[in-house]
> 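Pasting in a structure now, in structure tokens, and then I'll have a few things to ask.
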Amino acid sequence: MSQNVSNRRRILRAWHDAGNFAIFVVPGVTVFAAVVFAPILWTMWIGLTNERATRPQTLFVGLDNYLTLLGSSTFHAVLVNTVIITLIVVVGTNILGVSIALLLRLETRLYSALRSVFFVPVILSAVVVSVIWRSLLVDDGLLNTTLRSFGIQNPPGWLSDPSIALYSVSGIIVWQMLGFAVVVYLAGLAGIPKEIDEAAEIDGAVGWQRFRYITWPLLAPSFTINTVMLMISAFKVYDQIAVLTNGGPGTGATTTIAFKVVETAFVEQRAGYASAMAGLMLIIIAIASTLVLRALQRREVTY
Amino acid sequence: MGKIQLRNLTKSFGSVTIIPSIDLDIDDGEFVVFVGPSGCGKSTLLRLIAGLESATSGNILIDGRDVTIEAPARRKLAMVFQSYALYPHMTVAQNIAFPLKMAGENPDDINRKVKDAARVLNLTHHLERRPGQLSGGQRQRVAIGRAIVRQPAAFLFDEPLSNLDAELRSTMRLEISELHQHLKRTMIYVTHDQVEAMTMADRIVVLNAGTIEQVGSPLELYRNPRNLFVAGFIGSPKMNFLKGQAADKRKAATIGVRPEHIGISGTLGEWQGRVGAAEHLGSDTFLHVHTDHGTINVRANGEIDAARGDMVYLTPETDKVHKFDGEGKAFG
């Protein structure tokens, strides 16, 4: 009798679990598979073909596209641009982010208002931000007009000089991502127990020493999040490049991998080659972020 | 090298005054315990001495030197926190060495002092571990180690044993007392646990609403409380307070009798009552007796077999009855 009851309960529980799975898990997994996983697989597949809008027949070419990419000086230049932007964004945003977070923590009355101000660029569209900055930085824009009014006859071509444009674009991305980094560092600072700060104060750690030996090591989780997020965002930057410089000036002074992927796919209409480039970008981001994540997580401690 | 003097010391947060005005002298080498209920200002007072809070007015003198506006590190004090406040990313050795490193001592001296402190605190085998790998008691020992290497003028303890379980608490209590005997340094210890206060202190400072109610040795406070607050706060179980006829008879507004100073009989006594609850602890029996004067708690020996509902007679020991006037001050 009790054996039958127990079996019935087990069956009912199994149905209940299956029902929960169907209701809560299946829709999410289906959407994820349809809009994320399937396109990635499809792109990877196209990357193994010679698909081109003007070519009547598409053939499987194996790793040919990847091998061509690895030997291409254009791709090397694009990769170098992307790495430079990524380094500037990761280093610059982290340094400014932690500095501003520390200042905001000191100025408690302005804390809430300024925190919102710094976060505004994050919620703005990258295109909107780029249009605003473009109007400021073009040769006859507000910045250069102002510089000329101060007697500087030949102000820099912020977006038109090939030796400067890449850094200008990087600076704008730093500006846009800064709010995110500040908020993450503020959360990290709020998570450091007050007593630890006080103990450090009593132990004689003040100013830079306190930051170096106590605050910065304890901000390790915030640094990890910021670094990985910034690295991924900067590595796949497209919108700002498209609006600010369109990959120029000159021959690709600011062209990044993502920009080159779009250009190859939709201007040159070489879908196979572009897909291989996108696949390579995905592989580089995945490997780099995994390595960085592992290295940085080793610094993190639990209280 | 550890005489601390507080002169007219006050502390307010905005319009809220936490410490109206305090004067206190703590002698070199003394173990002083600040005790009082939650929110009485005992931790604030300790933090004022440490320099973690700035005084609203008044002065703090350490060995005659006015340190009221000096930074915490320059006061030559060490503090042990309730939450240990260890640096989680550093090893035990690095934690203990940290104040010495900040003081710019040379690495050989630091190494020697860390090893000495570790030996005194039985931490020698844990020097390369991180705080997260230690038990609560070991963590607190590391915090104490970090304090002793600095050879401070005085140690400040802010409820250091509150996060430990009962058994570890009593062990650490003894260890801190032994450390005091060994180091012979001034120690100021904040607690709400009167067992800690009674067993460790040379002198207890009883605080209430930011003011000092009484300062004295543990037995002085137990035997001669200055007022109703101290009488009720010091001693466990708490002193019984009776008003009305029982107090009138002794020409007092209120009388106080400690549970251990009441005799119990089944036939004869001053106050008659019925046992509401009997707690047999083996060594002692706690009885809650409902009388015409209110509920009276009695601490009897462990052999007594009174049970709930029994009629009993209680008689206070005459010379142990504390008398208080209408304002709550002790007299007589």
Side-chain angles (χ1 to χ4, degrees), chain A residues 94 97-98 101-102 105-112 184-228 292-303, chain B residues 43 46-47 49-54 70-91 94-105 129-134 139 142-150 152-160 162-163:
Chain A
N94 268 312
V98 75
L102 287 167
R105 195 173 63 149
L106 291 177
E107 194 56 71
T108 50
R109 267 183 298 176
L110 291 174
Y111 180 91
S112 299
V184 171
Y185 278 123
L186 279 172
L189 287 170
I192 297 176
K194 196 174 125 218
E195 289 86 356
I196 288 185
D197 259 341
E198 291 177 343
E201 200 175 346
I202 288 176
D203 284 344
V206 287
W208 169 249
Q209 278 183 325
R210 174 132 39 122
F211 177 76
R212 182 183 163 192
Y213 293 113
I214 307 294
T215 313
W216 180 244
L218 295 180
L219 281 177
S222 305
F223 180 61
T224 305
I225 295 168
N226 273 335
T227 301
V228 173
V292 168
L293 193 62
R294 280 196 185 165
L296 295 183
Q297 275 180 335
R298 234 176 278 151
R299 288 178 64 235
E300 295 178 15
V301 289
T302 48
Y303 291 99
Chain B
S43 283
L46 193 79
R47 291 169 61 80
I49 296 170
L52 296 173
E53 300 286 354
S54 53
E70 275 195 4
R74 295 177 58 85
R75 298 186 182 200
K76 293 185 178 165
L77 302 173
M79 187 157 169
V80 176
F81 294 82
Q82 180 179 347
S83 61
Y84 324 123
L86 298 177
Y87 309 123
H89 55 294
M90 296 184 192
T91 62
Q94 288 167 333
N95 263 282
I96 297 174
F98 189 69
L100 302 176
K101 189 174 171 181
M102 291 301 102
E105 292 206 16
R129 292 198 186 172
R130 292 251 177 105
Q133 297 167 302
L134 302 176
R139 286 184 205 191
V142 177
I144 293 170
R146 192 173 62 187
I148 65 175
V149 286
R150 301 180 61 193
F155 291 87
L156 311 177
F157 292 89
D158 190 4
E159 307 211 24
S162 300
N163 284 2

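Per chain, numbering begins at 1; letters A, B, ... match sequence-line order.
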> For B:L156, is it the side chain, the backbone, both, or neither that has a heavy atom closer than 4.5 Å to a heavy atom of chain A?
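The answer is neither part of B:L156.
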> Ignoring hydrogens and geometry, is there a side-chain-to-backbone donor-acceptor pair from B:R146 to B:P99 under 3.5 Å?
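It does not hold such a pair.
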> So for A:Q209, is it side chain, backbone, both, or neither that comes closer than 4.5 Å to the heavy atoms of chain B?
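Just the side chain, heavy atoms under 4.5 Å.
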> For the residue pair B:V149 and B:I96, what are the closest heavy atoms and their distance?
CG2-O, 3.2 Å
> Is A:A200 close to chain B through its backbone or its side chain, or both, or neither, when contacts mean heavy atoms under 4.5 Å?
both
> Would you say the side-chain atoms of B:Q133 pair up with the backbone N or O of B:R130, donor to acceptor, closer than 3.5 Å?
yes
> Aromatic rings A:Y213 and B:F98: how do their planes relate, parallel, tilted or perpendicular, breaks at 30° and 60°?
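A:Y213 vs B:F98 ring planes: perpendicular.
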> In terms of heavy-atom pairs under 4.5 Å with chain A, which of B:A78, B:A147, B:P72 leads?
B:P72
> What pairs with A:T227 under side-chain hydrogen bond (donor to acceptor under 3.5 Å, both in side chains), at least two apart in sequence or on another chain?
A:N94
> For the interface with chain A, which of B:M79, B:M90, B:Q82, B:R47 has the highest count of heavy-atom pairs at distances below 4.5 Å?
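Option with the top pair count is B:R47.
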> For B:Y84 and B:N95, what are the C-alpha separation, side-chain angles and deciding distance, and is it a side-chain hydrogen bond (donor to acceptor under 3.5 Å, both in side chains)?
CA-CA 11 Å; B:Y84 324 123; B:N95 263 282; over 6 Å; no
> For the interface with chain A, which of B:Q94, B:R150, B:H89 has the highest count of heavy-atom pairs at distances below 4.5 Å?
B:H89
> With a 4.5 angstrom heavy-atom cut-off, which part of B:R74 approaches chain A: side chain, backbone, both or neither?
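Neither part.
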